[in-house]
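Report on the following structure.
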Amino acid sequence: MNLLDTSYAAHRLLAAEPREQHTLEVYLDYTCPFSAKLWHTLTTKVVPYLTKEGAKPGLSIIFRHQVQPWHPASTLLHEASLAVEKLNPSGFVPFSQALFEHQREYFDEATVEITRAETYRQLADLAASINAIDDRQAMLQLLDIQPNAEPRNAGNAVTNDLKYHIRLARSKAIHVSPTVALDGVADDSVSSSWTLDQWKTWLDQI
C-alpha cells in the first residue's frame, strides 16, 4: 500500500516494518496552529511510542501538504520545505519542525508588508540556521522567480512539486487542515487536541 512517490520519501514520518499494511496520512499546513499541535503530538509522542513499543508494525505515517490559500505565506513555506527536501532529504523533517515552531512569524499580520522574495530569504536563513541545508544560495535558486521580459507565470523550481501535492489532496477531497486519513479515507473524528492515550485508543481499532 505504498502511497508515497519516491521523490518525496522524506515525507514518511514512520516506516512500516516489515511491510506496509495501513497508511496514515496527515494533511497539514505550516501556518495552521491546529496543524502545529497535531504535528507536535505525532512527532514527539505518537511516532516515538509506535517506534519504541512496536504497537503497529504495519503502519506507515506520511506528511501531506494542505496549503490554505487564504494565508498567502502558506504557499511559500510549503515551497521552502520542498526545496529543502530536494537539497537534503534528511533536512525535511527538522525544517518542518522549525516551520511549525516559527509559524507566527509567517502569519498574515507578520508578512503583509514584506515581499515574496524577502520571505524566501527569511526561510532560507531559517533552514541554514538549523543545518537543514548546507547551501543557502542553492535553496534560493530553487525558490526565486527568474526575471523575464515577458511575464509568463512560470513559477519556480518547486512549482511542479507543489502542484503535485495540491492535486493529490484535491483528488482525495481534502478541504481543511489538519485532516487525518487512514488508508485513503478521511476521519474527521481525529482531533489536534488528542493526547497520546486518545491516539492509542484510536490506533487500537486499526
Side-chain angles (χ1 to χ4, degrees), residues 4-15 25-48 51 61-147 155-166 169 177-178 192:
L4 187 62
D5 187 296
T6 55
S7 301
Y8 311 110
H11 288 57
R12 193 180 301 280
L13 305 180
L14 178 67
E25 298 167 279
V26 288
Y27 291 81
L28 306 177
D29 184 319
Y30 290 123
T31 62
C32 169
F34 301 103
S35 289
K37 287 178 64 177
L38 184 55
W39 168 272
H40 178 75
T41 302
L42 278 176
T43 57
T44 66
K45 297 179 181 179
V46 177
V47 170
T51 302
I61 301 179
I62 298 174
F63 173 96
R64 297 293 194 192
H65 298 266
Q66 180 61 18
V67 177
Q68 297 183 125
W70 46 89
H71 298 311
S74 175
T75 293
L76 311 188
L77 271 63
H78 285 270
E79 286 182 327
S81 72
L82 291 165
V84 165
E85 184 177 29
K86 283 183 179 292
L87 296 171
N88 176 29
S90 66
F92 176 79
V93 169
F95 185 58
S96 293
Q97 175 67 29
L99 289 177
F100 282 120
E101 291 177 350
H102 290 263
Q103 67 173 196
R104 294 182 65 85
E105 297 169 25
Y106 300 95
F107 282 3
D108 294 349
E109 298 82 358
T111 56
V112 66
E113 294 185 357
I114 65 175
T115 67
R116 180 176 184 172
E118 289 171 335
T119 302
Y120 285 150
R121 276 146 185 76
Q122 287 184 9
L123 291 165
D125 287 343
L126 178 60
S129 73
I130 63 167
N131 297 317
I133 55 169
D134 294 325
D135 189 339
R136 175 182 179 275
Q137 191 57 38
M139 181 172 173
L140 289 175
Q141 287 175 352
L142 292 175
L143 293 173
D144 280 343
I145 304 297
Q146 302 305 314
N156 57 29
V158 295
T159 295
N160 286 339
D161 298 283
L162 187 62
K163 285 181 178 179
Y164 167 84
H165 291 285
I166 297 300
S177 69
S192 61

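Computed from heavy atoms alone, side chains included, the values below leave out hydrogens, waters and symmetry copies. Computed from a predicted structure; not experimentally measured.
- For Y8, the side chain to side chain donor-acceptor pair (under 3.5 Å) partners at least two apart in sequence or on another chain are D161.
- With rounding to the nearest 0.5 Å, the separation of NZ in K86 from CG in L142 is 7.0 Å.
- To the nearest 0.5 angstrom, Q68 atom CD is 8.0 Å from H78 atom NE2.
- Annotation: side chain of Y106 is not in contact with side chain of Q103 (no heavy-atom distance under 4.5 Å).
- Looking only at side-chain heavy atoms (C-beta outward), I166 and V67 come within less than 4.5 Å of each other.
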With a cut-off of 3.5 Å and sequence neighbours excluded, list every side-chain donor-acceptor pair involving residues 122-131.
from	atom 1	to	atom 2	distance (Å)
D125	OD1	R136	NE	2.5
D125	OD1	R136	NH2	3.4
S129	OG	L126	O	2.7

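- Applying the salt bridge (charged side-chain N to carboxylate O under 4.0 Å, His left out) criterion to E85, with sequence neighbours excluded, gives no partner residue.
- Distance alone, capped at 3.5 Å, is enough to place a donor-acceptor pair between the N88 side chain and the A132 backbone.
- Between N156 and L143, the closest heavy-atom pair is ND2-O, 2.9 Å.
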* Verify side-chain contact (heavy atoms from CB on, under 4.5 Å) between L82 and L162, making sure each step is shown before the conclusion. => CA-CA 8 Å; L82 291 165; L162 187 62; 4.1 Å; yes
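- Note that SG of C32 and CZ of F100 are 8.0 Å apart. Values are rounded to the nearest 0.5 Å.
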* To do: With side-chain contact (heavy atoms from CB on, under 4.5 Å) as the test, would you mind laying out the steps for Q66 and L28 before giving the verdict?
  => CA-CA 5 Å; Q66 180 61 18; L28 306 177; 5.9 Å; no
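- Using the six-membered ring where Trp is involved, H65 and Y30 have ring planes that are perpendicular, over 60° apart on the 30 and 60° scheme.
- Here the CG atom belonging to D29 is positioned 8.5 Å from the CG atom belonging to L77, to the nearest 0.5 angstrom.
- Looking at heavy atoms from C-beta onward, R121 lies in side-chain contact with D144 at the 4.5 angstrom threshold.
- Using a 4.5 Å heavy-atom cutoff, the side chains of S177 and F34 are not in contact.
- By the 6.0 Å contact criterion, CG on D135 is enclosed, its count of non-hydrogen atoms from other residues, nucleotides or ligands being greater than 12.
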* **side-chain contact (heavy atoms from CB on, under 4.5 Å) assessment of V93 paired with W39** => CA-CA 11 Å; V93 169; W39 168 272; 4.1 Å; yes
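- When all heavy atoms are compared, the tightest approach of T111 to E105 is CG2-O, 3.7 Å.
- Taking OH of Y120 as the reference point, atom CE of M139 lies at 10.0 Å (rounded to 0.5 Å).
- For the pair T41 (side chain) and K37 (backbone), a donor-acceptor distance under 3.5 Å is present.
- To the nearest 0.5 Å, the span separating CD on E25 from NE2 on H11 amounts to 12.0 Å.
- Shortest non-hydrogen contact noted between V112 and E109 is CG1-O, 3.8 Å.
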* To do: Check the pair F63 / T43 against side-chain contact (heavy atoms from CB on, under 4.5 Å), numbers first and verdict last.
  => CA-CA 11 Å; F63 173 96; T43 57; over 6 Å; no
